[in-house]
Structure formats: structure tokens, C-alpha cells
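Notes to accompany the following structure.
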Protein chains: 2
Amino acid sequence: MGTDVDSVKGHTNARADEDIRRVDPTIGDLIVMQALPIGAYAAPVSAPTERAVNLADVARLAGVSPATASRALGGHPHVAAATRERVRRVADELSYVVSPDASRLAGGRTGRVAALVPHLDRWYFAALLDGLAGALRSAGLDLLVRCVGGAADRAEQLQRMPGRRVVDAVVALAFEVDGWDGADVPLVTVGGPPSTVPFVTIDDLAAGRQAMDHLIHLGHRRIAMIEALDPDQRSEEPVGRRVAYEQALAQAGLPQDQDLVATVDWGGVEGADAMARLLGLRHPPTAVYAHSDEVALGAIRTLRRAGLRIPDDVSVIGVDDHPLAELTDLTTVRQPVREQGALAGHMVATALSGGDPGPGIVLPTQLVVRGSTAPPREERR
Amino acid sequence: MGTDVDSVKGHTNARADEDIRRVDPTIGDLIVMQALPIGAYAAPVSAPTERAVNLADVARLAGVSPATASRALGGHPHVAAATRERVRRVADELSYVVSPDASRLAGGRTGRVAALVPHLDRWYFAALLDGLAGALRSAGLDLLVRCVGGAADRAEQLQRMPGRRVVDAVVALAFEVDGWDGADVPLVTVGGPPSTVPFVTIDDLAAGRQAMDHLIHLGHRRIAMIEALDPDQRSEEPVGRRVAYEQALAQAGLPQDQDLVATVDWGGVEGADAMARLLGLRHPPTAVYAHSDEVALGAIRTLRRAGLRIPDDVSVIGVDDHPLAELTDLTTVRQPVREQGALAGHMVATALSGGDPGPGIVLPTQLVVRGSTAPPREERR
DNA sequence: GGGCAGGCTGGAAGCGCTTCCAGAGGTCAC
DNA sequence: GTGACCTCTGGAAGCGCTTCCAGCCTGCCC
């Protein structure tokens with residue numbers, strides 16, 4: 001909604017109000033509370049706060065050298081069990097945590113993995129990230145999230161991960177990685193097309209076929225597709241879900257009609273618009289195969305507003321199995337999103353611990369039949 | 001090696017398979033593609049890759065000392081304009097980036113901000129995070145995302161941000177911060193209750209009143225509430241949206257009926273269940289005020305399945321203005337989620353640059369009337 | 001013209017950690 | 001009994017950067 005957050009540049013206090021207002025012009029009056037105490041925090045340069053405990057402290061208290069303490073904590077061999085135990089206990093008591101920065105600097109790991117994500121607030125990406133975060137967390141890794149915008153930005157971000165300075169590894173969410181030369185920084189892609197780097201994804205073509213074959217199997221002969229592409233991610237070659245559409249029609253001996261394919265930017269509202277266009281055709285479709293569930297829901301709104309009933313008049317199928325698909329009784333092709341993220345996380349962890357993450361994983365999808373699809377009303381024609 | 005990162009927990013390769021399968025038991029057969037080349041990446045210990053350029057390189061090429069180079073790049077005073085220019089140019093050519101780790105270690109900033117988020121895959125949090133990420137990015141800060149689970153985990157995570165070791169600041173997403181003693185690490189909360197630390201939020205009570213007053217204004221007298229709470233975040237005191245319910249009824253002189261309040265865990269399906277319970281009442285409500293849009297959509301499913309029409313038979317209102325609310329024609333109370341995140345990001349940036357982020361900001365909400373609410377059918381009674 | 005202020009610059013000391021290297025002490029086989 | 005060989009531990013050298021402290025040099029005032 002509203003204004004792009006990124007556009008806001010200035011950060012001085014003087015501009016604060018202005019900034020706030022620029023965030024969303026529709027916000028008239030902000031209520032800024034003034035009276036609350038804000039604690040020590042307000043003073044950036046407060047009294048010299050207690051220095052955080054460091055390895056040396058732990059070592060001293062445990063009666064060993066920093067070297068030994070490091071080894072003990074790091075789980076290295078050649079440390080007497082008793083010593084290790086003692087060091088660990090002291091570290092616990094002091095609630096000591098290694099400084100990733102120092103660790104990294106000294107040749108260790110940063111313990112950090114970057115995720116490059118195009119849209120943070122889309123369910124698909126959020127779920128992917130959720131799975132990824134969980135897996136990384138259980139592997140003791142931190143997640144650094146970087147939003148990437150258009151293709152140029154993406155490429156730049158990818159370039160800007162030079163020699164394990166910032167992170168130990170990178171996960172690219174649902175976009176193609178062209179030239180990756182971060183030789184010593186493992187890269188994993190998830191949700192994108194299979195790649196030369198380790199990947200986790202689904203078979204888009206197969207997923208599309210599941211959707212199309214379902215509609216065809218129900219007896220539909222005039223099937224439209226709403227293809228929704230990321231505005232700044234359109235690539236030359238057609239995506240798998242689109243290929244599936246054509247392939248399925250061809251295989252079923254059904255005619256191809258270019259008018260029945262509406263390509264729009266990704267989004268529910270865009271889906272609604274596309275549906276409106278399709279309804280304007282001389283021979284409107286009896287079924288609609290939408291690129292994703294959100295798009296399908298948009299299409300459904302248009303159909304409802306046009307007084308058409310689902311699935312009686314028109315069948316609609318989506319892809320993803322968005323949590324709201326269940327609530328809206330939408331037939332869809334489920335893809336395991338969270339699991340893809342988790343698997344990517346495991347791959348990264350594996351790679352970082354010196355293992356072989358393998359070339360890639362393709363997870364299966366599954367048709368979930370709900371109430372938005374049914375045989376066409378009129379079998380004639 | 002092998003143990004490094006994971007050593008703490010024990011993540012040997014041997015367990016990888018097991019882990020993967022544990023991700024989702026329903027995933028029977030993974031298709032693991034075997035034939036793709038995986039590039040240099042497969043070899044964790046490859047040829048000594050080219051060392052990344054560092055400050056010393058830049059300094060040498062620019063013909064100055066590292067000290068001067070640092071000052072020039074850091075924008076410090078007492079550097080001749082020509083020198084600075086030269087250093088900058090060299091740095092550009094070498095596409096040099098400072099190592100945040102080293103920088104931080106030497107007394108500088110990490111340039112990193114942590115976001116503590118309970119549920120990454122819920123729209124609300126994702127949108128919050130999106131706003132936050134944008135603001136941070138434009139301030140040149142990196143976003144570290146930490147998922148926090150239950151209350152205990154939350155407290156622990158909060159404890160575990162000792163003396164600017166990992167991040168420069170922390171943003172807590174939609175939960176209360178009890179004891180924050182990270183004196184030198186600024187903390188900002190967003191989406192939670194107003195706090196003693198700088199916060200960004202909405203007035204939950206007011207939002208609830210907007211929803212309730214709308215229903216009351218339409219003429220509803222038997223209004224139910226579906227209260228959805230985060231399972232591991234339930235607090236003692238009633239939340240604002242619930243208070244609004246009671247307050248609005250009282251003020252309108254309407255009777256309170258505890259049966260009309262269904263409290264469930266957060267979620268669409270839970271909302272559907274709650275609605276089913278409400279429909280089982282002897283006097284079912286003519287309107288439902290749901291804690292959030294997702295919950296409202298769940299309720300709607302139940303109503304539809306019961307053959308009830310919306311809004312003819314029952315009115316439903318949510319809170320949030322989830323993107324799908326528009327598509328499903330759901331009346332709701334909009335809150336600016338992304339903007340809250342962005343503002344929190346600005347506050348953090350302000351605090352980090354030595355400014356005063358102010359005590360807190362409360363953003364206004366707005367009633368958005370769509371097609372899911374209407375006057376009750378029978379004015380009698 | 002001498003002296004002094006002040007702008008620029010370089011040297012060097014760490015920040016907190018990992019790891020190489022060396023050494024102490026013990027075990028075991030010859 | 002002694003050397004070979006471990007296991008365990010400590011010393012010390014950086015990782016790449018910032019910043020304090022000097023020192024140099026210029027410019028300018030008296």
C-alpha cells in the first residue's frame with residue numbers, strides 16, 4: 001500500500017515528522033505519545049556500561065588459557081573432559097557467547113547465512129523464509145535477510161557477497177542466479193528453477209499439469225490461464241506453469257486460443273483484472289487455471305461480482321495451497337513451501353560443515369480438490 | 001573441522017537424511033536429481049581463492065596509510081579533499097567493502113539490527129518485517145531475523161543480545177518486552193503494547209471500537225466476538241480488542257453475554273471452529289467481530305457451509321486489512337502494518353546515529369467498509 | 001622572519017577470537 | 001630404562017579495522 005518505504009531517505013530527527021507523514025499520506029493525524037520514560041536508552045553515550053564477558057574472562061575463571069577455552073567451547077579434540085566441562089560451566093554461568101565478529105575475523109565462521117528475497121510480504125516467500133529460519137536456527141546459524149528488488153539489484157546483491165565477509169553462505173529465494181562467482185561462499189537456491197548450484201524446488205511443469213489435467217478430466221474444454229509474473233523478474237523463456245497449460249491442452253487434443261491466456265503482474269487484484277478481461281471474451285472459459293492461489297482468489301472476486309457461481313458456472317484452480325485456500329474452499333495444487341525452505345537450510349548447514357549438499361532436490365506437489373472445481377455445467381458444445 | 005558451526009548441537013552429516021525426512025513426514029519420495037554439475041562449490045577446501053581486497057590494499061594503491069584510508073572512507077574530518085577522493089576512487093575500482101566484523105571489532109558498528117519475530121509466515125509479521133527491512137536498508141543497516149517461539153524463548157533471546165556483540169540494535173515484533181537490560185543496545189518494539197522502550201503501534205482499543213461501533217451503528221444487537229490469541233503469548237490482562245468489545249456493548253447499553261465471546265488460538269481454521277461454536281448457541285449472533293481478518297475468513301467459511309449468507313444473514317468484520325480482505329470483500333479495520341515496520345526502522349536508525357527516537361508512535365486505524373457487513377435482517381426483536 | 005596553531009598523515013595498539021607451534025607430562029613398547 | 005608417541009595445555013601470531021598519539025608541514029600572525 002501507499003508509498004514505497006525505501007523512498008524515505010533522511011534520518012535526522014528534524015525530518016522525522018515529515019518522514020512519518022510521507023510513509024502514508026492517508027494517515028492524517030499521528031498520535032505521538034510524549035510522556036513515557038525512555039530509560040537509559042535515550043543517552044547514546046551513557047556511563048561506561050559493564051564490558052561484556054569475553055573468552056579471556058571465561059578462561060581466567062576456569063583457570064585455563066584462552067586457547068584452551070576456545071578449544072573447549074568449540075568442541076575441538078585434545079581437551080581433557082574435565083577441563084572442557086569446567087570451561088563450559090563457567091561460560092554458562094557467565095552466559096558467555098562468542099563474538100561472531102571476532103570469531104569470523106580469526107578465521108572462523110560468521111555463523112550467518114544471508115537470504116536474498118524478492119518480496120518479504122508475500123505468503124510464499126514468508127513461508128519459505130520461515131522454513132529456512134527454522135532449519136538454520138537448529139543448525140546454530142543466524143539468518144540475515146536482504147530484500148532484493150529488480151534484476152539489477154539482485155545481480156548486484158549477489159556480487160556484493162565478497163569472500164565470506166558478511167556471511168558464510170547465501171540462499172537465493174525464488175530467482176535465478178546467473179553468474180555466481182563467490183567461489184568460497186556456498187550458494188543454494190530455493191523455489192527457483194533448477195540450477196547449477198544446489199537447489200530445492202518443485203517441478204512447476206508437473207504442478208501445472210496436475211491442475212490442468214484435473215480441469216480437463218472434469219470435462220472442461222475451454223480453459224483459461226491467468227499467468228502472473230513478477231514485474232521485475234520476467235524472463236525470456238516461458239515458465240513451467242505456462243508450458244504445462246499448453247502441453248496439457250495439446251495432449252488432450254484441445255485447441256489453443258491465445259485469448260484465453262491472460263498474463264499480468266503478480267497479485268490478487270491483477271488476477272481480478274485478468275478475470276474481467278477473460279469474461280469479456282465472446283466465448284468465456286468454463287474453467288480458469290490461475291498461476292497462484294492469490295491470483296485465483298482475485299479471479300473469484302470478479303466472477304462473484306459478475307454474478308457467476310463457483311464452481312457451477314466457472315471452475316477455478318490455483319497453485320500453492322495458501323493457508324487461505326482452505327478457508328475459501330479453493331481447489332489447488334499444493335506445494336510444500338515451508339519444507340523447501342527447511343531443506344535449503346539443511347543444505348546450507350551441510351555445506352558449511354564440509355558435507356556435500358548434493359546437486360538439488362525436487363519436491364512433489366499434490367492436487368487438493370476442494371469446492372471451486374466441478375464439471376462444466378453444459379456438457380454440450 | 002566438520003564440527004565447527006554445528007558443534008554445539010551436533011549436526012553431523014550422518015543425520016542429514018534423517019533431518020530431511022523429519023521435515024515433513026508426508027513427503028514420501030524426494031526426487032533427488034543427481035546429474036547436475038555443482039561447480040567449485042562442492043569442494044569445501046578448494047584452491048586458495050583470491051583473497052578479498054582489504055583496507056590495506058586500498059591504502060597501498062592510493063599511496064596512503066591504512067589509517068588515512070580508514071578516515072577517508074569513513075568520512076572523518078582531517079583528511080585532505082584530494083586524498084579522500086583518491087582513496088574513494090581506488091576503493092570503488094576495487095569494489096572494496098569494509099568488513100563489518102573487523103569494523104565492529106575495532107570499536108565501530110556492526111551495521112546490523114536484529115528483529116525478533118514470533119511467526120514469520122503470518123501476513124502481519126511478514127508485512128511488518130517488510131517495512132522494517134526497507135527502512136533499515138535505506139539506512140544502510142542489515143537485518144538479522146531471529147524467530148522466537150514461546151515466552152521463555154523470547155525472554156532468552158532478549159537476554160542473549162549482550163553488549164552489542166551481534167547487533168547494534170534490536171526490534172521486537174509484536175510482543176511485550178519485560179526486562180530489557182541491554183543498556184547499550186537500543187530496543188524498539190513494534191506492533192506490541194506501548195512500552196517503556198520506544199515503540200510503534202496502533203491503538204488496539206480504538207481499532208476494536210471502530211469495528212464494534214460500525215456493527216452497532218448498523219443496528220446489530222447480538223454481536224459475537226472471536227478472540228484469537230497467540231498460543232504462546234497469552235498474557236494476563238485482556239487485549240485491547242477485547243476490551244473494545246465490552247466497552248462498546250456497555251456504552252450502547254447492550255447486554256453482555258459471555259457465550260458470545262469465543263476465545264481460540266490464532267488462525268483461520270480456529271476461527272472457523274469458533275464460529276461453529278457460536279452457531280450452536282440458542283440465540284446465534286447476527287454479527288461477528290473477529291480479532292483479525294484471517295480469523296474472520298475462517299468464520300465466513302463456517303457460515304457459508306451452514307448455508308448462511310453474508311451479510312444478509314450474518315455480518316462479519318475483521319481487523320488488519322489483509323490483502324485478501326479486499327479480494328474476499330471483507331469489511332475490516334485497516335492498520336498500517338508495513339508503515340509500522342518502516343517507522344520502527346527509522347527509529348532504530350535515528351537512535352543509532354545518536355538521535356532521539358522519541359518515546360513512541362501510535363498510528364491511526366481506519367474502518368474499511370466492504371460487503372461483509374450490513375444491517376441485521378430482522379429489525380424486530 | 002620566527003614561532004605557533006592547526007590541518008594532514010602515519011605508526012601502532014588493540015578489539016576478541018582461532019589456530020599454529022611448542023612444550024610438559026604421561027604411557028607404552030622395546 | 002629409555003625413546004617414541006600421545007594427550008593436553010599455553011604462548012603468540014594474526015584476522016581487518018578504528019583510533020589514539022605523534023609528528024610533519026604548511027600558513028599565518030606578530
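We use all heavy atoms of the structure for the numbers below, so side chains are in, but hydrogens, waters and symmetry mates are not. Just so it is clear, the model here is predicted, and its values are computed rather than measured. Chain naming here is simple, since letters A, B, ... match the order of the sequence lines and numbering starts at 1 in each.
- Comment: R104(B) does not engage D101(B) in a salt bridge, judged by the lack of any side-chain N to carboxylate O separation of less than 4.0 angstrom.
- Considering only heavy atoms from C-beta on, P118(A) comes within 4.5 Å of L173(A) through its side chain.
- We find that CG of N54(A) is positioned 13 Å from C1' of dG14(C), with the value rounded to whole Å.
- Interatomic distance, OH of Y96(B) versus CG of N54(B), reported as 7.0 Å (0.5 Å rounding).
- By the 4.0 Å N-to-carboxylate-O rule, R89(A) lies too far from D92(A) to be salt-bridged with it.
- Taking CE from M347(B) and CG from L187(B), the interatomic distance works out to 11.5 Å, rounded to the nearest 0.5 Å.
- Atom-to-atom, CG of L55(A) to C1' of dG14(D) comes out at 16 Å; the value is rounded to the nearest Å.
- Distance CG/D356(A) to OG1/T350(A): 9.0 Å, rounded to 0.5 Å.
- Every side-chain contact (heavy atoms from CB on, under 4.5 Å) that A126(A) has, sequence neighbours left out, goes to A126(B).
- Mapping S103(A) and S65(B) onto DNA chain C via the closest heavy atom, the residue that lands nearer the 5' end is S65(B).
- One can place CZ of R60(B) at 14 Å from P of dG10(C), the figure rounded to the nearest angstrom.
- To the nearest angstrom, P of dG16(D) lies 7 Å from CZ of R104(A).
- With sequence neighbours excluded, the residues satisfying side-chain contact (heavy atoms from CB on, under 4.5 Å) with L144(B) are R112(A), D142(A), L144(A), A114(B), R146(B), V166(B), V167(B).
- Residue L105(A) contributes atom CG, which lies 9 Å from atom P of dC15(D) at whole-angstrom precision.
- Residues from residues 80-88 of chain B lying near DNA chain C, meaning a heavy-atom separation below 4.0 Å, are A80(B), T83(B) in numerical order.
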Please report, to 0.1 Å, the donor-acceptor pairs under 3.5 Å made by any side chain of residues 63-86 of chain B, with sequence neighbours excluded.
| unit_1 | atom_1 | unit_2 | atom_2 | d |
| --- | --- | --- | --- | --- |
| S65(B) | OG | A67(B) | N | 3.4 |
| S65(B) | OG | T68(B) | N | 3.2 |
| S65(B) | OG | T68(B) | OG1 | 3.3 |
| R84(B) | NH2 | H76(B) | O | 2.2 |
| R86(B) | NH1 | A62(B) | O | 2.3 |

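- Taking atom CG of residue D57(A) and atom C1' of nucleotide dC17(C), one finds them 13 Å apart after rounding to whole Å.
- If you take OH of Y96(A) and P of dG16(C), they are 10 Å apart, rounded to a whole angstrom.
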Dump the pairs, protein N or O against N or O of nucleotides 19-21 of chain D, anything under 3.5 Å, distances to one decimal.
| unit_1 | atom_1 | unit_2 | atom_2 | d |
| --- | --- | --- | --- | --- |
| dC20(D) | N4 | R71(B) | NH1 | 3.3 |

Would you tabulate the nitrogen or oxygen pairs shorter than 3.5 Å linking the protein to nucleotides 24-28 of chain C?
none

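- A distance-only check finds a donor-acceptor pair linking the side chain of D168(A) to the backbone of G111(A) [under 3.5 Å].
- The side-chain contact (heavy atoms from CB on, under 4.5 Å) search around A106(A) returns none, not counting sequence neighbours.
- Summary for the helix from dG1(C)-dC30(D) to dC30(C)-dG1(D): the axes at its two ends, each from 5 pairs, differ by 50° when rounded to the nearest 10 degrees.
- The CG atom of D101(B) sits 15 Å away from the P atom of dC15(D) (whole-angstrom rounding).
- Distance check: L120(A) CG to L132(B) CG gives 9.0 Å after rounding to the nearest 0.5 Å.
- Checking side-chain atoms of S103(B) against main-chain N and O of S99(B) turns up no donor-acceptor pair under 3.5 Å.
- The line from CG of L136(B) to CG of L141(B) is 5.5 Å long, rounded to the nearest 0.5 Å.
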